[in-house]
Every structure is written in C-alpha cells, then in structure tokens.
Amino acid sequence: MKSHNINSEYFAYFNEAVKLREAYSYLFSSNELTATLEGVKKNGKSFKMVMERTERIFQNEWDKYGIPNYQLLYKNKTYTYLTYNEKESRLNPSFSLDDKAYFEFTSLKAAEIPELMEKYQNTKGMVFDLRGYNNDGSIIKIFDYLMSKPEHFGIMTQADFSQPGKFCIVDNIIDKSYKFAGRNNPNAYKGQVVVLINEYTQSAVEPWAMIFKKVPKVIFVGSQTAGADGNKTSIKLTDGNELIFSGLGIYYPNGDYTQRIGIHPDIVVRPTVESIRNNQDLLLLKAFELIDQKK
C-alpha cells in the first residue's frame with residue numbers, strides 16, 4: 001500500500017473507508033506499467049509479486065464480468081444471491097430464502113416494484129442492498145409499501161446565481177413531485193427491514209438511505225457511507241483535468257447535514273480477510289440473522 005500512502009493527499013474522501021477505496025484505483029490504474037504487491041497467502045506464507053496494470057473503464061465495471069463474487073453462507077449452506085439476467089443485461093433484483101427477501105437495489109426498476117412487494121408482503125423481513133448505484137427517482141414507489149404515511153425526508157441548498165454568494169433552501173432533494181416518500185397505507189409492510197451500506201454507498205444512493213431512515217424500526221448494517229451526495233459541478237483546468245465538487249447541500253428536514261458525514265449504520269459489520277478469501281458476505285449474513293431474531 002505504499003502507493004496509497006504517497007498519493008493519499010490527492011484522494012477525494014471524507015472518511016478512512018473511502019480513502020482505502022480510492023487507493024484501489026491508484027493501485028491498479030497508473031502511468032506505471034507494473035506494481036509490486038506484497039502480502040500473506042491463506043496458508044500463512046508471505047508473497048511478493050510484480051503485477052501488470054491494465055486500463056480500467058470505470059463505467060463498465062459493473063457489467064456481468066464485474067459482479068462481486070460474494071456468496072451467502074447461512075446455516076451451513078452456501079447460496080448465490082447475485083445472479084445475472086442475460087436477457088435484460090442486469091442483475092436479477094431479488095432473491096428469497098425461507099421467510100426472508102433480498103433486494104439488489106442497483107438493478108431495481110419501478111415497474112416491477114408492485115409485483116415484487118406483493119410477492120414478499122408476508123415475509124418476516126426484507127433486506128435492501130444499497131452498496132451499488134441507482135439514481136432512478138421513480139423507484140421511490142417502493143416506500144408506498146414500506147411506510148404507513150407520507151414522510152418528508154430531506155431538503156437541499158442551491159446557489160442563487162442572480163445574487164452571487166446567496167444560497168436558497170429547497171424543500172426537496174429529488175424533485176418537487178418527490179418531496180414526500182410513501183403514502184397513507186394501513187397495510188404497510190410489517191416485517192423487519194434491514195438496509196446494507198458501506199463506502200460504496202455514495203451520491204444518489206445516500207438520499208435513498210435517508211429515506212429508508214424513515215421506515216419504522218429499520219436497521220442499518222455495514223459501515224459509514226461516503227458522505228458525497230448532491231450534483232456534480234466541475235471546473236476544467238488548463239491541463240485537461242477537471243475539479244469536481246457538489247454544488248448542492250443535502251440535509252435532513254431538521255437541518256442536519258449528510259455531506260462529509262454520510263449515513264452511519266446501527267450495527268457495524270465489515271469484511272474480514274477471511275471472509276474476502278472465502279467470498280462470504282458478512283453484511284447479508286448479519287441481516288438475515290437479525291430478521292431471524294425478530295419475534
């Protein structure tokens with residue numbers, strides 16, 4: 001991680017987890033053609049190797065070849081819950097096991113929410129995985145099934161360009177038509193809702209986490225989110241690079257801010273060296289265990 005230490009002052013991050021996440025990019029993407037890696041194998045033996053760097057295209061990283069190789073080891077059985085739909089060129093949005101349902105939020109589409117929520121209405125618990133990216137505002141429809149009444153979930157500030165230096169408060173963070181999440185629904189979901197978050201929960205996904213905070217008795221599992229939401233405002237530099245920052249302030253309705261802070265979990269769960277070696281998803285395992293504990 002020497003490369004990380006040398007270049008970390010150039011990383012854009014607000015917490016240690018994102019700092020390490022960005023170090024990954026510097027480690028595998030560089031003007032230098034090779035990198036020397038040192039570590040310890042599963043058998044305890046040390047290794048040192050020269051790795052060739054290849055060009056990474058970040059926009060295509062989450063195609064079918066970039067799906068995380070995680071599995072769920074639950075009650076001594078292994079389950080594959082991230083499966084690719086060749087026909088639709090996306091991950092399948094849901095997985096169920098016994099009395100529990102899992103939603104891969106990245107691939108979820110608004111049109112399929114009514115059918116899915118009806119299908120899993122009587123489960124003991126639902127898990128929503130926010131460790132990916134989905135900026136489709138129309139999937140706010142899912143909260144119609146999770147909340148018993150409409151909830152105002154956030155406000156934002158934006159510049160008033162007619163008066164330089166002045167910022168105005170706007171009473172929504174997605175769109176005027178999405179000021180509230182949920183609806184009056186006496187038959188709202190009664191099971192345990194668990195949300196998975198980590199340092200990859202960033203940008204448009206962090207407001208989704210803010211809305212999930214309004215779901216009754218919700219439990220957040222994982223680690224602190226990136227704390228970087230709002231729009232992208234850029235300034236081009238003379239060398240062809242550009243500086244990017246948020247031109248909007250994102251806040252909870254009471255004025256508490258989320259930028260730089262992110263969303264904190266109720267229960268901290270992080271991958272371990274052993275879980276990574278065995279491709280085990282400790283966050284989803286914890287979520288299922290929490291649902292099992294619900295009376």
Item to check | Heavy-atom side-chain contact between Met156 and Phe167 under 4.5 Å | outcome: no
Checklist entry - Side chain of Arg90, backbone of Ser107: donor and acceptor closer than 3.5 Å? => result yes
Checklist entry - Looking at Pro271 and Leu282, what are the two nearest heavy atoms and their distance? => result CA-CD1, 4.3 Å
Checklist entry - Asn134 side chain to Val205 main-chain N or O, any donor-acceptor pair under 3.5 Å? => result no
Checklist entry - Step by step, would you call Ser203 with Asn135 a side-chain hydrogen bond (donor to acceptor under 3.5 Å, both in side chains)? => result CA-CA 9 Å; Ser203 191; Asn135 66 346; over 6 Å; no
Checklist entry - Would a 4.5 Å heavy-atom cut-off, applied to side chains only, mark Ile219 and Val193 as touching? => result no
Checklist outcome for this item: Nearest heavy-atom approach of Asp175 to Ser177 is OD2-OG, 2.7 Å
Checklist entry - What about Phe103 and Val218, same hydrophobic cluster or not, with Ile/Leu/Val/Met/Phe/Trp/Tyr joined at side-chain heavy-atom distances under 4.5 Å? => result yes
Checklist entry - If every non-hydrogen atom of Ile244 is compared with every non-hydrogen atom of Ser234, which pair is closest and at what distance? => result CG1-CB, 4.1 Å
Item to check | Spacing of CZ belonging to Phe212 relative to CD1 belonging to Ile197, to within rounding of 0.5 Å | outcome: 11.5 Å
Checklist entry - For Phe153, is the NZ or CZ atom of Lys214 found under 6.0 angstrom from the centre of its six-membered ring and inside 45 degrees of the ring axis? => result no
Item to check | Backbone N/O of Gly154 and side chain of His152: donor-acceptor pair under 3.5 Å | outcome: yes
Item to check | Any donor-acceptor pair under 3.5 Å from Asp98 side chain to Lys100 backbone | outcome: no
Checklist entry - Is the shortest heavy-atom distance from the side chain of Leu130 to the side chain of Tyr200 under 4.5 Å? => result no
Next on the checklist: Under the criterion side chain to side chain contact (heavy atoms under 4.5 Å, CB included), I'd like the reasoning laid out for Val194 against Phe128: C-alpha separation, chi angles, the key distance, then a yes or no.
Outcome noted: CA-CA 6 Å; Val194 182; Phe128 293 88; over 6 Å; no
Next on the checklist: Within 45 degrees of the ring normal and closer than 6.0 Å to the centroid, is that where the cationic atom of Arg183 sits relative to Tyr145?
Outcome noted: yes
Next on the checklist: Would Asp171 and Lys179 count as a salt bridge (charged side-chain N to carboxylate O under 4.0 Å, His left out) here? Give the steps.
Outcome noted: CA-CA 7 Å; Asp171 64 1; Lys179 176 179 177 179; 2.9 Å; yes
Checklist entry - Under 3.5 Å, is there a donor-acceptor pair between the Thr83 and Asn92 side chains? => result yes
Checklist entry - In terms of heavy-atom contacts, does CZ of Arg277 have more than 12 from other residues, nucleotides or ligands at under 6.0 Å? => result yes
Checklist entry - When you measure from the side chain of Trp208 to the backbone N and O of Phe105, does any donor-acceptor pair fall under 3.5 Å? => result no
Next on the checklist: What verdict does the side-chain hydrogen bond (donor to acceptor under 3.5 Å, both in side chains) test give for Ser275 and Tyr70, after you've listed the backbone C-alpha separation in whole Å, the side-chain angles of each residue and the deciding distance to 0.1 Å?
Outcome noted: CA-CA 9 Å; Ser275 71; Tyr70 288 141; over 6 Å; no
Checklist entry - Do Leu116 and Phe143 share a hydrophobic cluster, counting only Ile, Leu, Val, Met, Phe, Trp and Tyr and linking them when any side-chain heavy atoms are less than 4.5 Å apart? => result yes
Checklist entry - Quick one: do Ile113 and Tyr102 end up in the same hydrophobic cluster if we chain Ile, Leu, Val, Met, Phe, Trp and Tyr together by side-chain heavy atoms under 4.5 Å apart? => result no
Next on the checklist: Using side-chain hydrogen bond (donor to acceptor under 3.5 Å, both in side chains), reason through Thr106 and Glu104 one step at a time and then give a plain yes or no.
Outcome noted: CA-CA 6 Å; Thr106 301; Glu104 203 292 303; 3.1 Å; yes
Checklist outcome for this item: Distance col, row Ile263:CD1 vs Glu206:CD, nearest 0.5 angstrom, shows 6.0 Å
Checklist entry - Between the side chains of Arg21 and Gln202, does any donor sit under 3.5 Å from an acceptor? => result yes
Checklist entry - How are the rings of Phe288 and Phe95 set to each other: parallel, tilted or perpendicular (split at 30° and 60°)? => result parallel
Checklist entry - How many angstroms lie between NZ in Lys109 and NZ in Lys141, if you round to the nearest 0.5 Å? => result 15.5 Å
Checklist entry - Does Asn185 reach the main-chain N or O of Asp144 with its side chain, forming a donor-acceptor pair under 3.5 Å? => result yes
Next on the checklist: Taking the cut-offs as 6.0 angstrom to the six-membered ring centre and 45 degrees off its axis, would you call Lys213 and Phe220 a cation-pi pair?
Outcome noted: yes
Checklist entry - Which value, rounded to the nearest 0.5 Å, describes the distance between Asp129 atom CG and Ser94 atom OG? => result 12.5 Å
Next on the checklist: Could you check whether any side-chain N or O of Gln192 sits under 3.5 Å from a backbone N or O of Lys217, counting only pairs where one atom can act as donor and the other as acceptor?
Outcome noted: yes
Next on the checklist: Applying salt bridge (charged side-chain N to carboxylate O under 4.0 Å, His left out) as the test, list every pair that has at least one member in residues 233-255; sequence neighbours left out.
Outcome noted: Lys236-Glu242
Checklist entry - Do you know the tightest heavy-atom contact between Leu248 and Gln259? => result O-NE2, 2.7 Å
Item to check | Heavy-atom closest contact (Asn254 atom, Asp256 atom, distance) | outcome: OD1-N, 3.0 Å
Checklist outcome for this item: Taking every heavy atom of Asp292 against every heavy atom of Lys124, the minimum-distance pair comes out as O-NZ, 3.0 Å
Checklist entry - Okay, side chain of Ser246, backbone of Lys232: is any donor-acceptor separation there less than 3.5 Å? => result no
Checklist entry - Do Met117 and Val127 share a hydrophobic cluster, counting only Ile, Leu, Val, Met, Phe, Trp and Tyr and linking them when any side-chain heavy atoms are less than 4.5 Å apart? => result no
Item to check | Partner residues of Asn279 under the side chain to side chain contact (heavy atoms under 4.5 Å, CB included) criterion, sequence neighbours left out | outcome: Asn69
Checklist entry - Hey, is the main chain of Asn187 close enough, under 3.5 Å, to the side chain of Gln121 for a donor-acceptor pair? => result yes
Checklist entry - Does a donor on one side chain and an acceptor on the other come within less than 3.5 Å for Asn198 and Thr225? => result no
Checklist entry - Linking I/L/V/M/F/W/Y whenever any side-chain heavy atoms sit under 4.5 Å apart, do Ile174 and Val215 land together? => result yes
Item to check | From CA spacing to verdict: side chain to side chain contact (heavy atoms under 4.5 Å, CB included), Thr123, Tyr189 | outcome: CA-CA 9 Å; Thr123 56; Tyr189 182 66; 2.9 Å; yes
Kindly list each side-chain donor-acceptor pair under 3.5 angstrom involving residues 39-51, sequence neighbours excluded, with atom names and distances?
| unit_1 | atom_1 | unit_2 | atom_2 | d |
| --- | --- | --- | --- | --- |
| Lys42 | NZ | Asn278 | OD1 | 3.1 |
| Asn43 | OD1 | Lys45 | N | 3.0 |

Next on the checklist: Donor-acceptor check, side chain of Gln158 to backbone of Cys168, threshold 3.5 angstrom: yes or no?
Outcome noted: no
Checklist entry - Do the non-hydrogen side-chain atoms of Ile155 and Val170 ever get within less than 4.5 Å of each other? => result no
Checklist entry - So do Met210 and Ile173 actually touch side chain to side chain, heavy atoms under 4.5 Å? => result yes
Item to check | Side-chain heavy-atom pair Asp281, Arg131 within 4.5 angstrom cut-off | outcome: yes
Next on the checklist: Gln71 vs Leu82, test: side chain to side chain contact (heavy atoms under 4.5 Å, CB included). Steps then yes/no.
Outcome noted: CA-CA 8 Å; Gln71 293 178 319; Leu82 295 175; over 6 Å; no
Checklist entry - Hey, does Leu72 have a side-chain heavy atom less than 4.5 Å from the side chain of Thr78? => result no
Checklist entry - Is the count of non-hydrogen atoms from other residues, nucleotides or ligands lying under 6.0 Å from Lys119 atom NZ greater than 12? => result no
Checklist entry - Tell me, do Thr157 and Tyr251 make a side-chain contact under 4.5 Å, heavy atoms counted? => result yes
Checklist outcome for this item: In this structure, CD of Gln280 is separated from CG of Leu284 (nearest 0.5 Å) by 11.5 Å
Item to check | Interatomic spacing from NZ in Lys286 to CD1 in Ile291 - rounded to 0.5 Å | outcome: 12.0 Å
